[in-house]
Amino acid sequence: MAKGDEPALFTKVTVYSLLACVAQFAVGFVFAQKWGNKCSAVDRWVLVWLFYDAIVHFTLEGPFVYMSLVGNVATSDGPLAELWKEYGKADERWLYSDPTIVSLELLTVVLDGFLALLLVYAIIKDKHYRHFVQITLCVCELYGGWMTFCPDWLIGSPNLNTSNWLYLWVYLVFFNGIWVVVPGLLLWQSWRDLRSMHQHPKKKNR
């Protein structure tokens, strides 16, 4: 693509969509500081992610599921429809109610969204089931990411538009990659903490 074509990528919808994502993260950060003030520094950042995760599931993916069940994004109107149409430039399956995508998003909104809130509560209240919920949520998130892209990869990725850096590196890689990297890190945290819990009682019993 010629350099002169790149500015055309940034429309008003592009800017407001990216700003909306930043605003959601900012809200998650504020919530984490408010309710996680007694948690460790690491867990406060975990709370930032979980609040952001839940906000995205409920406020972005929830409306997507609704639009997809009553019609599709391509024929819907409104700010959220425009946001999803923007993302649909990179992955057109989100425009036309692809059954695999809608099925995954139903699971994501209903299960992952509420698991994220339950995990927030478990961390803040230091509940014994914290890591059980954390592992379950992370596995669900990673499964969702795999099933979002693997079916399309197997048929040559006909629905993915990787023709420019915005669609490839921002929409597809970054906005999907964070739901791989962060759950992966949280799984490592759970493994480390559970290992520590398992080792200390053994030392006491000797």
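A 4.5 Å side-chain heavy-atom check between D152 and D91 finds every atom pair outside the cut-off. Put simply, the side chain of V120 reaches to within 4.5 Å of the side chain of F51, judged on heavy atoms. No side-chain heavy atom of N159 sits under 4.5 Å from any side-chain heavy atom of D98. Here the side chains of L194 and I135 are in contact, with some heavy-atom distance below 4.5 Å. Put simply, the side chain of C150 reaches to within 4.5 Å of the side chain of L154, judged on heavy atoms.
Taking every heavy atom of both residues into account, L137 and L50 meet most closely at CD2-CD2, 3.7 Å. Across all non-hydrogen atoms, the minimal contact from T136 to L115 is CG2-CD1, 4.0 Å. Residues A54 and G113 share a closest heavy-atom pair of CB-O, 4.2 Å. When all heavy atoms of T148 and G144 are compared, the pair lying nearest together is OG1-O, 2.6 Å. Of all non-hydrogen atoms in E141 and P183, the two that sit nearest each other are CB-CG, 3.9 Å. Summarising the geometry of V56 relative to Q24, their closest heavy-atom pair is CG2-OE1, 3.7 Å, with the distance given to 0.1 Å.
With S196 contributing its side chain and R192 its backbone, the two residues share no donor-acceptor pair below 3.5 Å. Although no hydrogens or angles enter the test, the distance criterion places a donor-acceptor pair under 3.5 Å between the side chain of N161 and the main chain of K89. Of the possible polar contacts, one joining the T14 side chain to the T11 backbone as a donor-acceptor pair under 3.5 Å is found. A distance-only check finds no donor-acceptor pair linking the side chain of S68 to the backbone of S97 [under 3.5 Å]. Side-chain atoms of R130 do not come within 3.5 Å of backbone N or O of A122 as any donor-acceptor pair.
Checked against the 6.0 Å centroid threshold, F25 and W49 do not count as a close aromatic pair. The aromatic ring centres of W45 and Y52 sit 6.0 Å or more apart.
To the nearest 0.5 Å, atoms NZ (K125) and CH2 (W35) are separated by 12.0 Å. Atom CG in L106 sits 9.0 Å away from atom CZ in F64 (nearest 0.5 Å).
W179 and H57 have tilted rings, their planes meeting at an angle from 30° to 60° on a 0 to 90° scale. Between F175 and Y171, the ring planes are tilted. Angles from 30° to 60° get that label. Ring-plane geometry between W153 and W146 is classed as perpendicular, the angle between the planes exceeding 60 degrees on a 0 to 90 degree scale with a lower cut at 30.
Note on I178 and L160: same hydrophobic cluster, where clusters join Ile, Leu, Val, Met, Phe, Trp and Tyr whose side-chain heavy atoms are under 4.5 Å apart, directly or indirectly. V30 and I124 fall into different hydrophobic clusters, defined by Ile, Leu, Val, Met, Phe, Trp and Tyr side-chain heavy atoms under 4.5 Å apart, directly or through other members. L185 and V48 fall into different hydrophobic clusters, where Ile, Leu, Val, Met, Phe, Trp and Tyr are joined by side-chain heavy atoms under 4.5 Å apart, directly or via other members. Transitive grouping of hydrophobic side chains (ILVMFWY, heavy atoms separated by less than 4.5 Å) keeps V110 and V102 in distinct clusters.
With sequence neighbours excluded, no residue satisfies side-chain hydrogen bond (donor to acceptor under 3.5 Å, both in side chains) with D112.
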**OP:** In sequence, state the C-alpha distance, the side-chain angles, and the governing distance for E86 and S17, and then conclude on side chain to side chain donor-acceptor pair (under 3.5 Å).
**Re:** CA-CA 8 Å; E86 178 67 20; S17 298; 5.7 Å; no
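Side chains of T108 and E61: a donor-acceptor N/O pair is absent below 3.5 angstrom, by distance only.
Under the ring-ring contact (aromatic ring centres under 6.0 Å, His included) criterion, the residue pairs touching residues 111-141 are F58-F114, with sequence neighbours excluded.
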